[in-house]
Number of protein chains: 2
Amino acid sequence: MIAGKYKLRIVWDLKDGPLRYGQIRSGLLRGADGTGEIAPRELSRELKALTQSGLIDRKDYGVVPPKVEYRLTPKGRSFVPVIAAIRWGTRHLGRARAVDRSAAS
Amino acid sequence: MIAGKYKLRIVWDLKDGPLRYGQIRSGLLRGADGTGEIAPRELSRELKALTQSGLIDRKDYGVVPPKVEYRLTPKGRSFVPVIAAIRWGTRHLGRARAVDRSAAS
DNA sequence: CAGGATCCCGGTCGATACTG
DNA sequence: CAGTATCGACCGGGATCCTG
């Protein structure tokens, strides 16, 4: 259900409110230089999978230029504490990648 | 660090005490009929990775026939609650595989 | 008993180009 | 802006056989 390289990070990034496709994409940058970002195809697939799993919800505003927002469903929100636990663990076990701009914890 | 198909289950199974190679293997059976168990190569690799990550500890008794025990390190033990959180989540989100013989929770 | 060696399949993910 | 289409590399993992 949460398999995939970005699913956890996506859900985590959505915990503070809805984000648009491009915003999610920006949040997943691997390098500060912009190289090696997530391929649109990949982001699209992960979002689709998360939607089908019922963790997130897709809202298409049906306008041009396109505007689509993704937000957590209740189910998705119920999963956030689990991710928090994972993050807590990883932070204490070394290895944390700490790609967190929200200065939580 | 916990990537891999069996790592979480291995750590989880070790939470109640040390287990020998064969015991871990038995605990990972996928079918009750014994078909499709984990390949020894795979178990070996996951155990090696977990050892290098410092989550488990390998104790070789150096006897014949071979006897090797694996146990959690403090670091590994500190990770158990995280797995518990994951299990809690999955149980509440559907999808739980519930391969649990310890009747916990 | 606890692994190592070998072969190979399939899924995941990356890069690039294109579009309503 | 929010995706799709296409091609291909990587590698996790399965099956089987072998060994100190």
Side-chain angles (χ1 to χ4, degrees), chain A residues 1-11 13-14 17-53 55-71 95 97 99, chain B residues 1-11 13-14 17-53 55-71 95 97 99:
Chain A
M1 190 165 192
I2 55 166
K5 197 169 180 177
Y6 306 94
K7 292 203 186 69
L8 285 179
R9 290 177 61 188
I10 293 172
V11 172
D13 286 348
L14 284 174
L19 291 176
R20 300 179 58 177
Y21 180 91
Q23 294 178 308
I24 297 176
R25 187 164 158 72
S26 304
L28 295 177
L29 291 179
R30 278 177 296 183
D33 51 354
T35 51
E37 355 179 53
I38 183 176
R41 167 180 178 269
E42 200 47 36
L43 179 53
S44 176
R45 301 208 323 180
E46 303 247 305
L47 288 172
K48 205 165 293 181
L50 284 170
T51 302
Q52 288 190 339
S53 298
L55 289 178
I56 68 174
D57 185 22
R58 187 193 128 110
K59 178 162 189 178
D60 190 334
Y61 285 83
V63 298
V64 292
K67 176 177 180 181
V68 181
E69 270 186 0
Y70 293 89
R71 70 184 62 218
R95 295 286 179 166
R97 194 51 56 202
V99 193
Chain B
M1 189 163 192
I2 56 165
K5 196 167 178 178
Y6 308 95
K7 291 203 186 69
L8 285 179
R9 291 176 61 187
I10 293 171
V11 173
D13 285 348
L14 284 175
L19 290 176
R20 300 182 58 180
Y21 180 92
Q23 293 178 308
I24 297 176
R25 188 164 157 74
S26 304
L28 297 176
L29 291 178
R30 279 177 296 183
D33 51 355
T35 51
E37 353 178 57
I38 183 176
R41 166 180 178 268
E42 198 46 35
L43 179 53
S44 175
R45 300 207 325 179
E46 304 248 304
L47 289 172
K48 204 165 293 179
L50 285 170
T51 302
Q52 288 190 337
S53 298
L55 288 178
I56 67 174
D57 185 21
R58 187 194 127 108
K59 177 163 191 176
D60 190 333
Y61 286 83
V63 297
V64 292
K67 175 176 179 181
V68 182
E69 270 187 0
Y70 294 88
R71 71 184 62 219
R95 297 285 179 164
R97 194 52 57 202
V99 194

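Being a predicted model, the structure only gives us computed values, none of them experimental. To find a chain, count down the sequence lines: A is the first, B the second, and so on, and within it residues start at 1.
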Which is true for [X] with a 4.0 Å heavy-atom rule: it touches a base, it touches only sugar-phosphate, or it touches nothing?
{"X": "B:Arg45", "result": "base"}
{"X": "A:Glu69", "result": "nothing"}
{"X": "A:Tyr61", "result": "nothing"}
{"X": "B:Lys7", "result": "nothing"}
{"X": "A:Glu46", "result": "sugar-phosphate"}

Candidates [options] - which lies nearest the side chain of [X]:
{"X": "A:Pro66", "options": "C:dG3, C:dG4, C:dG20", "result": "C:dG20"}
{"X": "A:Val68", "options": "C:dC13, C:dG3, D:dG3", "result": "D:dG3"}
{"X": "A:Tyr6", "options": "C:dG3, C:dG14, D:dT4", "result": "C:dG14"}

Has [X] got a side-chain atom pairing as donor or acceptor with [Y]'s backbone, closer than 3.5 angstrom?
{"X": "A:Glu42", "Y": "A:Ala39", "value": "no"}
{"X": "A:Lys48", "Y": "A:Ser44", "value": "no"}
{"X": "A:Glu69", "Y": "A:Pro18", "value": "no"}

Report the distance from atom [atom1] of [X] to atom [atom2] of [N], rounded to the nearest whole Å.
{"X": "A:Leu19", "N": "D:dA2", "atom1": "CG", "atom2": "P", "value": "11 Å"}
{"X": "A:Leu43", "N": "C:dA15", "atom1": "CG", "atom2": "P", "value": "14 Å"}
{"X": "A:Tyr70", "N": "D:dC1", "atom1": "OH", "atom2": "P", "value": "15 Å"}
{"X": "A:Leu47", "N": "D:dG3", "atom1": "CG", "atom2": "P", "value": "7 Å"}
{"X": "A:Lys67", "N": "D:dG3", "atom1": "NZ", "atom2": "C1'", "value": "17 Å"}
{"X": "A:Glu42", "N": "D:dC7", "atom1": "CD", "atom2": "P", "value": "18 Å"}
{"X": "A:Lys59", "N": "D:dG3", "atom1": "NZ", "atom2": "C1'", "value": "20 Å"}
{"X": "B:Met1", "N": "D:dG12", "atom1": "CE", "atom2": "P", "value": "16 Å"}

Return no unless some side-chain N or O of [X] is found under 4.0 Å from OP1 or OP2 of [N].
{"X": "B:Lys5", "N": "D:dG14", "value": "yes"}
{"X": "A:Arg20", "N": "D:dA2", "value": "yes"}
{"X": "B:Tyr21", "N": "C:dG4", "value": "no"}
{"X": "B:Arg41", "N": "C:dC8", "value": "no"}
{"X": "A:Ser44", "N": "D:dT4", "value": "yes"}

Quiz item: Which value, rounded to the nearest 0.5 Å, describes the distance between B:Asp57 atom CG and B:Arg71 atom CZ?
Solution: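 If I round to the nearest 0.5 Å, the distance is 7.0 Å.
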
Practice problem: Assess whether side-chain contact (heavy atoms from CB on, under 4.5 Å) is satisfied between B:Leu43 and B:Tyr21, documenting all intermediate values. | Solution: CA-CA 9 Å; B:Leu43 179 53; B:Tyr21 180 92; 3.7 Å; yes

Quiz item: Relative to the 5' end of DNA chain C, which residue comes earlier, B:Pro65 or A:Gly4, by the nucleotide with the nearest heavy atom?
Solution: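 Counting from the 5' end, the first nearest nucleotide belongs to B:Pro65.
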
Quiz item: Are any non-hydrogen side-chain atoms of B:Leu47 and B:Arg58 less than 4.5 angstrom apart?
Solution: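 No, side chains not in contact.
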
Quiz item: Which comes earlier along DNA chain D counting from the 5' end, the contact point of B:Ala3 or that of A:Asp60, where each point is its nearest nucleotide?
Solution: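 Final value for this comparison: A:Asp60.
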
